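Just so it is clear, the model here is predicted, and its values are computed rather than measured. Below, read A as the first sequence line, B as the second, and so on, with proteins coming before strands; counting in each chain starts at 1.
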Amino acid sequence: MTGQRVLLVEDDDDLRKLLALACDLNGLSACLVSDVDEALAVIEADHVDLVLTDLNVGGDHDGLRVLSAGVERGLPVVVLSASVSFSDKVLYQMGATRVVAKPFDVLALPALIEEVHNA
Amino acid sequence: MLLGTSAAVGILDEELRLKWASRPYLELLAAGGDPLNRPLTDFAGRGANLPFYEAVEATLADGVRRTVRNYSGDYQKVFDNVITRSGDSVVVEVTDATSTVQAEEQERLARSAQDAITEHMQEAVVMIDFQQGTVLTNQPCVDTFGDFSWLRDFVATGRPLAELELGFPIDDPEGRLRKSFEVGLRVMQTGEPFRGVLEMPTLRGTRVFQVVSSRWEHDGQTRGLIDIKTDITDAVTAQRELETQKQELVSLTLVKHFAQGVAHDSGNVAQVVKGYAQLLQSNPTPEVLNAAVEGLISVAQRSVRLAHDVSEVARIGEVSSTPIRLNELISLHLPALQRTVGEHVQVSFSTSADPVVTANEGQLHSILDNLCENAARAMNWQGSTDICLFVADGRAILQVGDDGPGLPDELSGRLFEPFSSSASSRAAGGTGLGLYLVREYLKSLHGDVTVATSPAGTTFTLSIPVTHGEDESPEAPR
C-alpha cells in the first residue's frame with residue numbers, strides 16, 4: 001500500500017499540515033499541494049495513482065476541476081467536502097470514487113486509500 | 001327713409017350695380033374692399049361670394065327677404081347681408097361680422113382641440129390659453145386633478161401666472177402640487193420645456209407622472225402653456241417591486257454565500273482539532289504533541305478572528321460616528337499598523353491635507369488594519385506599504401499600496417465578496433471577511449473602495465465624504 005502515490009489537494013494551511021503529519025505517520029507517500037493549477041500539473045505529469053482533494057479550494061469550488069482532471073485520467077478521486085452547496089450525488093455523478101465529509105477520521109486514511117484504490 | 005340710417009346700406013340696380021350707399025357702407029368698402037359692387041363673373045373662379053349674388057338675384061325675382069354672408073374682395077372681412085326688394089332695386093343692409101366669425105372660429109378650434117385631447121389621449125392635459133383667457137382640460141385631467149375651475153377663473157382675469165394661488169381640491173401637505181405648478185411657471189418664464197418625473201397627490205391618491213410641459217407658441221407669440229402628464233404609477237410600482245425582489249435575492253445569495261463560508265471554515269477547524277486529537281491518541285509522541293499544539297493554537301486564533309469579523313459584520317451601520325481628523329488618526333495608529341505587518345514590512349504615511357470625516361474610530365482602525373495586513377500578506381510579509389492621504393472633490397482619498405506581485409485576474413473581480421480569498425491567505429491570518437468588511441464600512445460612510453492591480457503592485461483607493469477640512473488642497477502628494 002505504501003507504494004501508492006497520493007496527491008492531496010488542500011489550501012487550508014492548518015489542515016494541510018495535519019494531513020501531512022497523518023500521511024507521514026501512516027507511511028503514505030503523499031504529494032501535498034495547496035493550489036489547483038499545481039494539482040492539475042501533477043495529475044497531467046502522471047505522477048500520482050490516487051487523488052484526494054478538498055472541494056472548496058481557492059475560495060471557490062475549484063476542487064471540481066481537480067475531480068474532472070483526475071476522472072479524465074482514470075484516477076480514483078476522493079473528494080473531501082465541508083460544503084453544503086454540493087450534494088454527494090452530484091459529486092458521484094461527476095465521477096468521484098468517494099465523497100468524505102469533514103471532519104473525517106484521519107486514522108482511517110490508509111484504509112480509505114486502500115479501499116478506493118481497489119475499487 | 002334710408003338716408004338717415006347709421007346702418008351700412010347699399011342699393012343695387014337690376015344689373016347689380018351700386019346706385020346708392022350710406023356712409024357706414026362706404027366706410028366698410030374702404031376698410032375691407034368692395035364686397036358688393038362687382039360683376040357676378042368676377043367671382044366665377046372664387047365661389048365664396050357666389051351665394052350672395054344668387055340671393056340678390058333671387059330676391060329681385062321673387063321679392064323674398066334673404067339673409068346671406070359674404071366676404072370682402074381681399075377676404076379679410078366677413079359681412080352679414082339682409083337683402084330686400086324695393087321696386088326694381090335691391091336694398092342690402094350690411095353688418096361687419098368679422099369679429100363675430102373670428103370668435104366663432106376660435107371657439108370651434110378650441111372645441112376641436114378639446115375634443116382631440118379628450119378623445120385621443122389617456123394623458124392628463126391642461127392647455128392654458130392666455131390670449132383667449134381660457135383653460136382647456138381633458139377628462140383624464142379632470143378625473144385626476146379636478147375641473148380646474150379656480151384656474152379658469154384666474155386666467156380669465158388676465159393677471160400674471162405668478163400671482164396665482166393654487167386652488168387644487170386636493171390635500172397637498174408637502175407642497176408637491178405647488179412644486180409642479182412652479183415648473184409650469186418656469187417654463188412660461190424661460191421658454192425652456194420641462195420633461196421629468198413628478199410624484200403628486202391626486203384625487204385618486206398619490207400618483208407618479210411623466211410630465212412634459214412646454215410653452216404654447218402661436219404665430220411667433222406666446223399663447224400659453226401646454227402641460228401633459230402621463231400616469232406611470234403602475235410601471236414605477238412594478239419597477240420598484242422588481243428592484244426590491246432583486247435586492248432580496250442579492251441579500252439571500254449573500255447570506256447563503258456567507259453561511260457556506262463560515263460553515264466551510266468551521267468544518268476545517270473541526271477537522272484539524274479532531275485530527276490532532278486522533279493522532280495524539282494513537283501516537284502520543286513529543287513530535288506529534290508539538291505539531292498538535294502548534295496546529296491547535298493556530299486554528300484557535302483563526303476561530304477567534306473569524307468570530308470577531310462575523311460580529312463586526314453584524315455591527316455594520318449600528319456603531320456611532322463622530323468627526324475624526326484622518327491625519328491624526330492614521331499618525332497615531334501607525335505603530336499598531338507596523339506591529340500588524342511585522343518587522344520586515346515598512347509602513348509609511350504621507351499627506352497633503354487634514355480632512356475631517358464623520359466615522360467610527362474603531363472601524364477606521366479596522367479598515368487600515370485590514371488593508372495593511374492584506375498588503376503585507378500579498379508581499380509575503382516582506383517589502384513596503386505606503387499610506388497616502390489627500391482631498392479631491394470634497395472627498396478624503398486614502399490610498400494603501402504595496403509592491404507585491406499583484407492580484408490574480410480571477411480574484412480581482414470578486415475581491416470584496418465574503419470568503420472570496422484563498423484559504424491559504426485565511427490560514428495565514430485572513431478570515432476571508434477583511435475586504436468585505438472594508439467595503440461595507442465604507443458603504444455605511446457613503447464612501448467607496450476600488451482596487452488597481454498590476455504585476456508591480458496593488459493599490460486600494462478609499463473615498464470618504466469630507467465633513468470639514470483645514471486644507472482641502474486637491475493636489476495629490478507626490
Carboxylate-amine/guanidinium proximity below 4.0 Å for B:R315 and B:E312
yes

Identify whether the distance between the nearest side-chain nitrogen and carboxylate oxygen of B:R302 and A:D12 falls below 4.0 Å.
yes

Between A:D105 and chain B, which part of the residue has a heavy atom less than 4.5 Å away: side chain, backbone, both or neither?
both

Determine the minimum heavy-atom distance between B:G406 and B:T453, stating which atoms define it.
CA-OG1, 3.2 Å

Tell me every residue that passes ring-ring contact (aromatic ring centres under 6.0 Å, His included) with B:F349, counting only those two or more places apart in sequence or in another chain.
none

So does A:R5 get a backbone contact from the side chain of A:D49, meaning a donor-acceptor N/O pair under 3.5 Å?
yes

Could you list the residues that satisfy side chain to side chain donor-acceptor pair (under 3.5 Å) with B:S348, not counting sequence neighbours?
B:D386

Between A:L18 and chain B, with a heavy-atom cut-off of 4.5 Å, which part of the residue counts as in contact: side chain, backbone, both or neither?
both

Donor-acceptor contacts under 3.5 Å from residues 362-369 of chain B side chains, at least two apart:
unit_1 : atom_1 : unit_2 : atom_2 : d
B:S366 : OG     : B:G362 : O      : 3.2
B:D369 : OD1    : B:H333 : NE2    : 2.8

Among residues 276-285 of chain B, those lying within the under-4.5 Å heavy-atom range of chain A are B:Y276, B:Q278, B:L279, B:S282, B:N283

